[in-house]
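The next block holds one structure in the form of structure tokens; read it before the comments.
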Amino acid sequence: MRRQYPFHLIEPKWQGYWNSQETFRAFNPGEQPAEDHPFAIRHKNKEPEELEKYYILDMFPYPSGAGLHVGHPEGYTATDMLARYQRMKGKHVLHPMGWDAFGLPAEQYAIKTGQHPRQTTEENVTNFKRQIKSLGFSYDWSREVNTTEPGYFKWSQWIFLQLYNSWFNPVTNKAEPVDTMEFPDEIVSDEAKREYLDERRLAYVSNAPVNWCPELGTVLANEEVVDGKSEVGGHPVVRKPMRQWMLRITAFAQRLLDDLETIDWSDSLKEMQRNWIGRSEGAGVLFRVDGVDEEIEVFTTRPDTLFGATYMVLSPEHELVDALTSKDQLSAVIEYRDAASRKSDLERTELAKEKTGVFTGAYAVNPVNQEKVPIWIADYVLSTYGTGAIMAVPAHDERDLEFAQKFDLPVRVVVQAPEGEQSLGYTGAGESIESGFLNGLGTSEAKKRIVDWLEEKRKGKRTINFKLRDWLFSRQRYWGEPFPIIWRHGRHEALQESELPLLPPELDDYKPTVEGEPPLARAVDWVNLADGATRETNTMPQWAGSCWYYLRYLDAQNDEYFADKEAEKYWMNVDLYVGGAEHAVLHLLYARFWHKVMYDLGHVSTSEPFQKLVNQGIILGEDGQKMSKSRGNVVNPDVVLAEYGADAFRLYEMFMGPLEMMKPWSTQGVEGVYRFLGRVWRLYIDEGSYKDYEQAVTTDPGQAELMLSDLKLHSAVNDSEPTAEQLKILHAAIKKVTDDLDGMRFNTAISALMVFVNEASKWESRPRSVLSVFLELLNPFAPHLAEDLAARMSERPGNTLAYQPWPKYEESYLVEEAVEFPVQVNGKLRGHITITPDTSKEEIENLALKCEKIQKFISKKELKKIIVVPNRLVNIAVK
RNA sequence: GCCGAGAUGGUGGAAUUGGUAGACACGUCGGACUUAAAAUCCGAUUGCCUUUAAAAGCAGUGCGGGUUCGAGUCCCGCUCUCGGUACCA
């Protein structure tokens, strides 16, 4: 196919120019651009830090071996258009890119081939960078980060130490350094103090059961387990007690929930975070055990149904099970508990449709009516939520009802459902019945009364529970940050800050040891220190690096601190963050948590990292299916770029539809925008000279670049005064593109550019002043072509559009002299009248009534009223 | 099940606060240019119906109701699709 315009020469040329001129550098407080830098020329009388900043961030990619697919650049294109737009609007733009380069695939490749993950990672980064650069994004590459570089992960380790050396003070509701901790009077010995402190650190060691994935050979965080399978790869996960590092994210649950109100994220995304945090209000209620000197606390959100509690269920792992179980039930209980512990997560959730459980032989006493209720154990009660024990109210809880029916346990209705609904199995709010002093109360009032009563009798209290669990932070991997921790006499100790970064050892074999120890344990010399201490052999999860990378961009080369304080204060927080919805809970929750800790400790100045967040939609294959290698519908950007160029690619990515929407790729769609760029080219460039050029290039391809400068401007381009019509078309485009960019409606902004070109192509005289402004509008979208044409139009070539002031529209140019004004009868369009902007309301009514086409719809009918909507239409209502 | 988002021509989509439904683009059809093709340019393109034609009419934004002078947009009740989540007491 004939090339629409020489993008293959224009694009590398301008990418090279931007690169060599450092066009897109951002300047930290105290830094100065060179005098001839376009930034300095634009902002002559101001220091960079006096300018309004705009921090626009992409979720950095994991550089996989497969290279970029068309989904990656969707978000990057959107942010690049906005970055270029904001730069032209005069903002000081920070727009960086980097690599989330620790991770499983490089390590698995290492296990197979022995190639060091570092080498694999470097190769992949090189390829990703080449691909991203070929799209002409305006990143400040001087701030590039890579999570696997010691200069970076030094600070990931440092942040871990901040967590390790902090605790959550419930009084101040903040993270504080551990030395602010006060010990209770009974904690006296150093040993006791040490233990007390270790139990309260934000980074602590736990021996609780964890999600172990045998296939991946590592543990996983709760968030990484989906339906009992690993999120990555879909391998089975089992629960297994192991010594692991945990981060105390639960302490921040309320703040993570509350501060969602302060940020500009989509409702659906906030809702996902809320659901994950899972706050629920209710009561803890104490049940005495009959004949045993023990009490069991249950958590319930429906204390108003306490009179309907007919049995109690403990999770199989509950600590009191042994103490309660009667002799004759002992074997059944042990058997059930063993069976439950052997079940994988998958079996306990997905596959376990039928409820199971056994009676312990013990009875609890309902505090409200002294009734004895049987105590069962069943695995539908989770040990990890609430107290691991429930009071069962089968009449008003689906799960309890199912269980009660299966095991023939009593059911007592205590809530009267509203008219038309059955009370048995009713879980909504209603009127309390058969409930002593609660009778006749509505659910919310009954809740209040019963909790007051429980608190007074010291049999319970108001309680808030969260679904969120602490974050399991260690992995049994090689290719991750080693913990800056050593073990001495069974106790953990932090390395000194001066000992960072702690580098991973070199290994020949990246597999776990035969004893099942993590791969780092193979490095005997590294693990065993001279004084008998040993290093922690777990590594941090991939999230560690991605939790804070947006901070490192602020000052990527700093050796003294993760980022200069002034720079942090100036740039934070992120004004716009764009990325995939798959990180809605994992990355975004973890990053918010770390940021809050850093905020409390005084290292950052904002309580939230990402002010506005937008999720881009998924791009489907041409067949409307999800892109995948197995379907063979993956679109490779390299191929698209070779045929249509980066500008067409960028334009198409945004022209497809709204950013947040899922939408299918279409090669014909790319051709459409490519043709549009060709029309732009021909609007400016003399076709004869381009044909000559093409001919000359076929005979002497080596001279192509040189001959490019011989191209002539189109003969219609001149210095004439623009007509009113031309100004109207230009300013309508300015208005629409400006509004749409502000609202991130890229697709309609591009359509406005197309409308302009369609009009302008008809002009026999194309005023230079109008055509120059159009290139400014085009620049954020198709920067290579815009720069090139602007250089041809300008008397001072070599000047970039990047810092050109964004054009302003003039409302007065948009006013039409005479317009066709629609006339409706009873809401149906029946005709038009011609009016001018100063036609009065009365005149419009008159004209409408007199209009010939209208007459036949209103004559012989009774006129009810006439509605004139200014600038819109007139509607005549008749009967 | 629950929570969230959505459904508009042959296709992707537009209509920003209730005000001319289908912008822009793809595809298709027709024409110009060409020996021919490609490329480019011009025109048509929601359906139905009447007409030689011009020109009109009717229906129409997943389905059924409602509010309004006027509904793709607001309200009530459904259907389907997508995303999240699931014994969380």
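Lettering of chains follows the sequences in order, A, B, ..., and the numbering in each one begins at 1. Bear in mind the structure is a predicted one, so any value in this text is a computation, not a measurement.
- Put simply, CZ on A:Arg872 is 17 Å from C1' on B:rC69, counting in whole angstrom units.
- Spacing between B:rG19 and B:rA56 at atom C1', rounded to whole Å, works out to 24 Å.
- Across all strands shown, nothing is found opposite B:rA89 as a Watson-Crick or G-U wobble partner with both distances under 3.5 Å.
- Taking atom C1' in both B:rA7 and B:rU61, one finds a spacing of 9 Å when rounded to whole Å.
- Of the two residues contacting RNA chain B, namely A:Asn826 and A:Met656, the nearest-nucleotide position lying further toward the 5' end is that of A:Met656.
- Counting non-hydrogen atoms under 4.0 angstrom, A:Gly672 reaches the backbone sugars and phosphates but no base.
- Proximity of A:Ser266 to the phosphate of B:rG4: no side-chain N or O atom is located under 4.0 Å from OP1 or OP2.
- The existence of a salt bridge linking A:Glu281 and A:Arg302 is excluded, since no basic side-chain nitrogen approaches an acidic carboxylate oxygen closer than 4.0 Å.
- With both pairing distances under 3.5 Å, B:rA53 is matched to nothing as a Watson-Crick or G-U wobble pair.
- Which of B:rA89, B:rA14, B:rC24 sits closest to the side chain of A:Thr748 comes down to B:rA14.
- By the 4.0 Å N-to-carboxylate-O rule, A:Lys406 lies close enough to A:Glu354 to be salt-bridged with it.
- Residue A:Glu660 is out of contact with every strand shown, counting any heavy-atom pair closer than 4.0 Å.
- Figure legend: A:Lys355 and A:Phe403 shown without cation-pi pairing, the cationic atom not lying both under 6.0 angstrom from the six-membered ring centre and within 45 degrees of its axis.
- Protein atom NZ of A:Lys762 is 7 Å distant from nucleotide atom P of B:rG43, rounded to whole Å.
- Here the C1' atom of nucleotide B:rU11 and the CD atom of A:Glu671 are 15 Å apart, to the nearest Å.
- Using C1' as the reference atom, B:rA86 and B:rC74 are 33 Å apart when rounded to the nearest Å.
- Residue A:Arg675 places at least one side-chain N or O under 4.0 Å from the OP1 or OP2 atom of B:rC26.
- Put simply, A:Arg830 has a side-chain N or O that comes within less than 4.0 Å of OP1 or OP2 on B:rC58.
- In this structure, the nucleotide among B:rC69, B:rG13, B:rG4 sitting nearest to the side chain of A:Asn875 is B:rC69.
- Residue A:Arg274 places none of its side-chain N or O atoms closer than 4.0 Å to OP1 or OP2 of B:rC2.
- B:rA71: no Watson-Crick or G-U partner with both key distances under 3.5 Å is found in any strand.
- Residue A:Ser666 is classed as having no contact, given no heavy-atom separation below 4.0 Å to the nucleic acid.
- For B:rA14, the OP1/OP2 oxygens have a side-chain nitrogen or oxygen of A:Asn747 closer than 4.0 Å.
- Residue A:Gln273 places none of its side-chain N or O atoms closer than 4.0 Å to OP1 or OP2 of B:rG84.
- Annotation: cation-pi pair A:Arg592/A:Trp265 present, NZ/CZ under 6.0 Å from the ring centroid and within 45° of its normal.
- Atom-to-atom, CD of A:Glu759 to P of B:rC42 comes out at 11 Å; the value is rounded to the nearest Å.
- Searching all strands for a Watson-Crick or G-U wobble partner of B:rU45 with both distances below 3.5 Å returns B:rG27.
- Base pairing analysis places B:rG9 opposite nothing; no Watson-Crick or G-U wobble pair with both distances below 3.5 Å involves it.
- Annotation: A:Phe649 is not in aromatic contact with A:Tyr644 [ring centroid separation under 6.0 Å not met].
- With rounding to whole Å, A:Ile618 atom CD1 is found 14 Å from B:rG6 atom C1'.
- Residue-level contact check: A:Phe655 touches the bases, meaning some heavy atom is under 4.0 Å from a base atom.
- The distance between atom NE2 of A:His714 and atom C1' of B:rU40, rounded to the nearest whole Å, is 13 Å.
- If you take atom C1' in B:rG64 and the same atom in B:rG12, they sit 30 Å apart, rounded to whole Å.
- Each of A:Tyr652 and A:Gly827 was matched to the nucleotide of RNA chain B holding its nearest heavy atom; the match closer to the 5' end belongs to A:Tyr652.
- Of the possible polar contacts, one joining the A:Asn211 side chain to the A:Leu220 backbone as a donor-acceptor pair under 3.5 Å is found.
- B:rG9 adopts a syn glycosidic conformation, its chi angle falling within 90° of 0.
- With distances taken from any side-chain atom of A:Ala877 to the nucleotides B:rG13, B:rU85, B:rC69, the minimum falls on B:rC69.
- Counting any heavy atom pair closer than 4.0 Å across all strands shown, A:Met661 reaches sugar-phosphate atoms only and no base atom.
- Distance from the side chain of A:Thr301 is smallest for B:rA89 among the nucleotides B:rC87, B:rG19, B:rA89.
- Remark: A:Lys865 is in phosphate contact with B:rC69, judged by side-chain N or O atoms under 4.0 Å from OP1 or OP2.
- On the C1' atoms, B:rU46 is 16 Å away from B:rU20, given to the nearest whole Å.
- Nucleotide B:rG4 has B:rC82 as its partner under the Watson-Crick or G-U criteria, with both atom distances under 3.5 Å.
- At the heavy-atom level, A:Ser280 lies under 4.0 Å from the strands shown only through sugar-phosphate atoms.
- Look at A:Asn758 and you'll find a side-chain N or O under 4.0 angstrom from OP1 or OP2 of B:rA25.
- With distances taken from any side-chain atom of A:Gln668 to the nucleotides B:rC87, B:rG12, B:rG27, the minimum falls on B:rG27.
- Of the residues A:Asp400, A:Val373, A:Ile296, A:Leu306, the one that meets the side chain to side chain contact (heavy atoms under 4.5 Å, CB included) test with A:Met391 is A:Leu306.
- Both distances falling under 3.5 Å, in either a Watson-Crick or a G-U wobble arrangement, place B:rU40 opposite B:rA32.
- Remark: B:rG22 base-pairs with no nucleotide in the shown strands. Criterion, Watson-Crick or G-U wobble with two distances under 3.5 Å.
- Between the C1' atoms of B:rA21 and B:rU35, the separation comes to 47 Å (whole Å).
- B:rC78 and B:rU85 have their P atoms separated by 27 Å, with the value rounded to a whole Å.
- For the pair A:Met662 CE and B:rG12 P, the computed distance is 14 Å after rounding to whole Å.
- Between A:Lys828 and B:rA59, a side-chain N or O to OP1/OP2 separation shorter than 4.0 Å is present.
- A:Ser268 comes within 4.0 angstrom of sugar-phosphate atoms only, judged by non-hydrogen atoms across all strands, and of no base.
- If you take atom C1' in B:rG22 and the same atom in B:rG47, they sit 13 Å apart, rounded to whole Å.
- Of the listed nucleotides (B:rG84, B:rG13, B:rC41), B:rC41 has the atom at the smallest distance from the side chain of A:Arg679.
- The distance from atom CZ of A:Arg279 to atom P of B:rA89 is 12 Å, rounded to the nearest whole Å.
- Within the 4.0 Å cut-off from OP1 or OP2 of B:rC41, at least one side-chain nitrogen or oxygen of A:Arg682 is found.
- Within the nucleic acid shown, A:Lys626 has no heavy atom closer than 4.0 Å to any nucleic acid atom.
- A centroid separation of 6.0 Å or more is found between the aromatic rings of A:Tyr652 and A:Phe655.
- Among the protein residues, A:Val869 comes within range of the nucleic acid bases, having at least one heavy atom under 4.0 Å from a base atom.
- Of the possible polar contacts, one joining the A:Arg650 side chain to the A:Pro780 backbone as a donor-acceptor pair under 3.5 Å is found.
- In this structure, the ring of A:Trp681 has its center no less than 6.0 angstrom from the ring center of A:Tyr674.
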